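Keep in mind that this is a model prediction, so the values were computed, not measured. So that the names make sense, note that chain A is the first sequence line, chain B the second, and so on, each numbered from 1.
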Amino acid sequence: MSIRIYNTLTRRKELFTPLEPNHVRIYVCGITSYDYCHIGHARSALAFDMIVRYLRYRGYTVTYIRNFTDIDDKIINRAAEQNTTTEELADRFIREFYIDMDGLGIDRPTLEPKATAHINEMIDLIAELIDSGFAYQSGNDVYYSVNSFPEYGKLSGRNLSDMQAGARVSINEQKNNPMDFVLWKGSKPGEPTWDSPWGPGRPGWHIECSAMSRKYLGNTFDIHGGGQDLIFPHHENELAQSEGANKAPFVTTWIHHGFVTIRDEKMSKSLGNFLTIRDIVKQYHPEVIRFFIFSTHYRNPLDFSETAMQDATAGLDRLYSCVAAIDCLTAAGDLNVPSLISKKDRVKLTSMEERYQQAMDNDFNTAQAQAILFDTAKILNKIEQQLTENSSPEDVHFLRDTLVVFKKLAGIMGLLQEDAVTYLRQKKAALLEGLDIDELTIEAMIKERNEARGVRDWARSDQIRDRLLAKNIELKDGPEGTAWVIKRNQI
RNA sequence: GGCGGCGUAGCCAAGUGGCCAAGGCAGUGGUCUGCAAAACCAUUAUUCAUCAGUUCGACUCUGAUCGCCGCCUCCA
């Protein structure tokens with residue numbers, strides 16, 4: 001039993017074996033900090049949060065590095081627009097980033113280095129590249145020479161001649177080859193600068209990840225991740241820099257996740273169709289967002305829609321309802337009563353964890369993992385419904401034990417982490433706020449109706465029920481009395 | 001133009017060379033109920049874009065065709 005991961009570099013699923021037994025080193029490209037994060041950033045952070053949690057669950061020690069790009073063109077431009085410094089702008093949006101990520105319950109990586117705190121490491125790396133002939137100075141800039149690295153293009157599956165035929169590369173007189181990319185940019189007036197052997201300037205985008213990953217994870221490490229759009233040019237260039245400088249393989253396994261789309265289009269600022277995390281969190285519980293994100297395999301596109309979020313809400317509620325039902329059981333039955341759990345169901349429940357692992361071992365198939373949770377919930381519900389007052393306490397214990405594992409497995413995706421009864425109650429309270437009726441009124445009307453029902457005055461009883469229904473309150477009469485819910489489709 | 005991916009029931013979405021093609025949402029039937037609703041249970045694809053081929057056997061492998069998407073410029 002071991003984990004198989006799809007590796008972008010080899011374009012196939014491979015058995016995952018860390019370089020150092022039981023220790024996984026992983027580097028993920030984080031945000032460029034100049035704006036609020038959108039749902040795509042959430043997918044990225046959540047995907048790797050899940051991957052790291054699963055690796056830890058499988059017994060690995062994980063060193064997880066995720067950087068902040070806090071200096072680049074976009075930051076400089078945005079800071080100028082807002083009449084502030086790049087430092088202030090970047091720091092501000094890093095704080096906003098944490099608000100969003102914490103809200104989604106995302107675990108902090110081991111270390112979150114900032115580019116500007118590693119200028120010296122970048123300068124060292126650039127100097128090494130120049131010394132060994134992979135880079136050259138031209139004017140005040142330093143460029144990486146793609147022709148010096150014969151394997152250039154191996155990650156993205158391109159070759160230099162094809163790319164030049166595409167000819168969307170801007171012609172720059174200072175470059176030897178149009179595909180050469182900048183390692184160090186000579187400063188322009190008004191921009192933040194750092195001193196370097198090539199004059200004052202600032203680093204190019206790709207070099208920071210090569211420098212920081214080397215510092216914290218070494219020349220070669222296990223996993224490098226990011227969005228599919230980073231494969232080219234960002235990761236291709238990182239690879240060329242790191243392997244050029246280190247004379248060692250850069251990364252064993254490259255993991256790239258798919259995009260979040262809206263109406264099947266990629267989110268982009270130019271289309272104006274991007275949604276920020278905080279817009280969505282206003283409307284949906286963080287676990288609903290997680291449920292939605294993990295309902296599709298991480299490499300596939302994921303289309304955001306109102307319907308999809310409602311489906312996710314319904315699904316999560318179903319799981320929570322199951323947990324709540326088991327949580328509320330009391331184990332005060334008769335030990336002499338034989339178990340009513342069938343052998344088949346017992347096997348299904350005890351094999352849950354193994355089946356979950358099989359799903360997750362297969363390239364972190366969270367969609368399948370969720371199916372196993374639902375499968376389990378169905379059986380738990382069935383048994384829970386069959387229990388009577390004098391059922392064997394052993395049965396209740398068995399359900400509870402299963403539930404402990406159930407919650408643990410759901411927790412890898414960050415689901416079912418709240419107390420189920422509280423979750424459902426808070427949800428109800430939140431919904432109630434949007435209605436022009438309060439809980440006391442509802443309770444009073446229910447009491448009145450039950451008095452009517454007591455004397456079999458069905459007309460009056462139904463009238464009260466209809467009045468509540470007009471307020472979107474639905475009643476459910478059960479053996480324990482009358483409960484009420486808010487109509488789901490009125491959300 | 002180059003590279004890569006996708007096309008599975010009303011919608012979403014797994015899957016594997018060979019037991020009945022997971023699961024969710026919606027729908028339908030049942031249990032429950034004074035009647036309901038909710039909840040729970042059950043049920044819903046002779047078929048996996050199309051057409052060929054490989055194979056004893058393909059949704060799963062190969063090729064072609066049609067359609068959709070992404071990257072090649074900053075991008076999760």
Side-chain angles (χ1 to χ4, degrees), chain A residues 8 11 28-32 34 37-48 69 72-74 77 153 156-159 161-170 179 205 225-234 236 256-261 264-270 274 291-292 295-297 299-303 305 307-308 310-316 318-319 321-322 325 355 359 362 365-378 381-386 453 456-458 461-462 465-466 468-469 473-479 482-489:
Chain A
T8 307
R11 262 150 282 208
V28 173
C29 289
I31 58 159
T32 298
Y34 74 107
C37 289
H38 55 63
I39 176 76
H41 295 115
R43 186 181 197 187
S44 178
L46 284 167
F48 290 104
T69 298
D72 93 322
D73 288 346
K74 292 189 295 294
N77 294 337
S156 53
R158 295 148 206 258
N159 61 61
S161 49
D162 287 345
M163 283 188 277
Q164 280 155 38
R168 276 220 272 173
V169 184
S170 62
M179 292 305 297
W205 175 34
Q228 276 167 358
D229 50 352
L230 295 182
I231 297 170
F232 191 90
H234 184 53
E236 190 71 60
H256 292 97
H257 65 261
F259 298 123
V260 179
T261 57
D264 292 321
E265 276 181 318
K266 184 182 169 182
M267 279 192 290
S268 80
K269 308 228 160 163
S270 53
F274 70 97
F291 186 98
F292 163 68
S295 65
T296 298
H297 183 83
R299 273 190 288 110
N300 291 144
L302 175 61
D303 198 50
S305 69
T307 314
Q310 275 165 18
D311 283 1
T313 306
L316 184 64
R318 184 173 159 83
L319 294 180
S321 301
C322 170
R355 289 182 291 127
N362 183 14
N365 193 333
T366 53
Q368 199 169 44
Q370 283 188 347
I372 289 156
L373 296 181
F374 278 108
D375 224 37
T376 304
K378 180 177 285 193
N381 283 332
K382 187 173 74 181
I383 298 166
E384 186 269 331
Q385 291 267 316
Q386 286 166 359
R453 292 175 76 216
R456 307 179 77 81
D457 182 355
W458 307 128
S461 161
D462 289 354
R465 187 173 65 198
D466 290 345
L468 281 168
L469 196 60
I473 303 297
E474 277 178 341
L475 300 185
K476 39 193 268 194
D477 298 323
T482 301
W484 56 274
V485 294
I486 294 154
K487 269 173 83 171
R488 180 173 288 162
N489 60 4

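- For A/Leu469 and B/A37, the CG to P distance is 11 Å, given to the nearest whole Å.
- Listed candidates were B/G23, B/A76, B/C41. Nearest to the side chain of A/Val260 is B/A76.
- When both pairing distances are held under 3.5 Å, B/G18 makes a Watson-Crick or G-U pair with B/C56.
- Remark: A/Asp73 pairs with A/Lys185, A/Arg202 by the salt bridge (Lys or Arg N to Asp or Glu O under 4.0 Å) rule, at least two apart or across chains.
- The shortest distance between the side-chain N/O atoms of A/Arg299 and the OP1/OP2 oxygens of B/G5 is not below 4.0 Å.
- As a whole-Å value, the separation of A/Lys74 NZ from B/C74 P is 8 Å.
- Below the 3.5 angstrom threshold, one finds no donor paired with an acceptor across the side chain of A/Ser156 and the base of B/G4.
- Pairing of B/G63, defined by two Watson-Crick or G-U wobble distances under 3.5 Å, is identified with B/C51.
- Taking atom CG of residue A/Asp229 and atom P of nucleotide B/G5, one finds them 17 Å apart after rounding to whole Å.
- In this structure B/G34 sits in no base pair that meets the Watson-Crick or G-U test at under 3.5 Å.
- The minimum heavy-atom distance between A/Phe48 and A/Gly226, with the atom names listed, is CZ-N, 3.4 Å.
- In the set B/G23, B/C35, B/A76, the nucleotide with an atom closest to the side chain of A/Thr32 is B/A76.
- Look at A/Lys266 and you won't find any side-chain N or O under 4.0 angstrom from OP1 or OP2 of B/A76.
- When heavy atoms are screened at a 4.0 angstrom cut-off, A/Ser305 is found touching no nucleic acid atom at all.
- The nearest whole Å value for the distance from the CG atom in A/Asp73 to the C1' atom in B/U73 is 12 Å.
- Base engagement by A/Arg158 is indicated by at least one non-hydrogen atom pair under 4.0 Å involving a base atom.
- Base-pair partner of B/U43: B/G27 (Watson-Crick or G-U wobble, both distances under 3.5 Å).
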Atom pairs, N/O to N/O, protein against nucleotides 13-16 of chain B, distance under 3.5 Å?
| residue | atom | partner | partner atom | Å |
| --- | --- | --- | --- | --- |
| B/A14 | OP1 | A/His297 | N | 2.8 |
| B/A14 | OP1 | A/Asn300 | OD1 | 2.9 |
| B/A14 | O3' | A/Asn365 | ND2 | 2.6 |
| B/G15 | OP1 | A/Asn365 | ND2 | 2.7 |
| B/U16 | OP1 | A/Asn362 | ND2 | 3.4 |

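- Pair check for B/A13 finds none; no Watson-Crick or G-U wobble contact set falls under 3.5 Å.
- Separating the CD atom of A/Gln310 from the P atom of B/C11 is a distance of 17 Å, rounded to the nearest angstrom.
- The side chain of A/Asp311 sits closest to B/C11 out of B/C11, B/G4, B/G23.
- Pairing for B/G1 is with B/C72, a Watson-Crick or G-U wobble pair whose two hydrogen-bonding atom distances lie under 3.5 Å.
- For A/Phe259, taking side-chain heavy atoms from C-beta onward, the closest of the listed nucleotides B/C41, B/A39, B/A76 is B/A76.
- Looking at heavy-atom distances under 4.0 Å, A/Gly227 makes contact with sugar-phosphate atoms alone, never a base.
- The environment of CZ in A/Arg456 is sparse: at most 12 heavy-atom neighbours from other residues, nucleotides or ligands sit within 6.0 Å.
- At whole-Å resolution of the value, CD1 in A/Ile383 and C1' in B/A39 are 17 Å apart.
- Residues satisfying the side chain to side chain contact (heavy atoms under 4.5 Å, CB included) criterion with A/Thr296, sequence neighbours excluded, are A/Arg43, A/Asn300, A/Leu302.
- Between the side chain of A/Asp457 and the base of B/G34 there is no donor-acceptor pair of N/O atoms closer than 3.5 Å.
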Side-chain donor-acceptor pairs under 3.5 Å in residues 368-378 of chain A, sequence neighbours left out?
| residue | atom | partner | partner atom | Å |
| --- | --- | --- | --- | --- |
| A/Gln370 | NE2 | A/Phe291 | O | 3.2 |
| A/Asp375 | OD2 | A/Lys348 | NZ | 2.7 |
| A/Thr376 | OG1 | A/Ile372 | O | 2.8 |

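- Picking from B/C74, B/A39, B/C41 the nucleotide with the shortest atom distance to the side chain of A/Gln385 gives B/A39.
- As rounded to whole Å, 17 Å separates atom P of B/C32 from atom CD of A/Glu384.
- Under the side chain to side chain donor-acceptor pair (under 3.5 Å) criterion, A/Asn381 pairs with no residue at all, not counting sequence neighbours.
- Atom-to-atom, CD of A/Gln228 to P of B/C3 comes out at 18 Å; the value is rounded to the nearest Å.
- Closest to the side chain of A/Leu230, from the set B/C40, B/G23, B/A76, is B/A76.
- Checked by distance alone, A/Arg465 brings no side-chain donor or acceptor within 3.5 Å of a matching partner on the base of B/A37.
- Using a 4.0 Å heavy-atom criterion, one finds that A/Ile231 contacts no nucleic acid atom at all.
- At a threshold of 4.0 angstrom between heavy atoms, the contacts of A/His38 include nucleobase atoms, whether or not backbone atoms are also involved.
- Nucleotides of RNA chain B nearest to A/Gln370 and A/Arg11 differ in position, and the one nearer the 5' end is that of A/Arg11.
- Partners of A/Gln385 under the side chain to side chain contact (heavy atoms under 4.5 Å, CB included) rule, at least two apart in sequence or in another chain, do not exist in this structure.
- Nearest-nucleotide mapping onto RNA chain B: of A/Gly157 and A/Asp462, the residue sitting toward the 5' end is A/Gly157.
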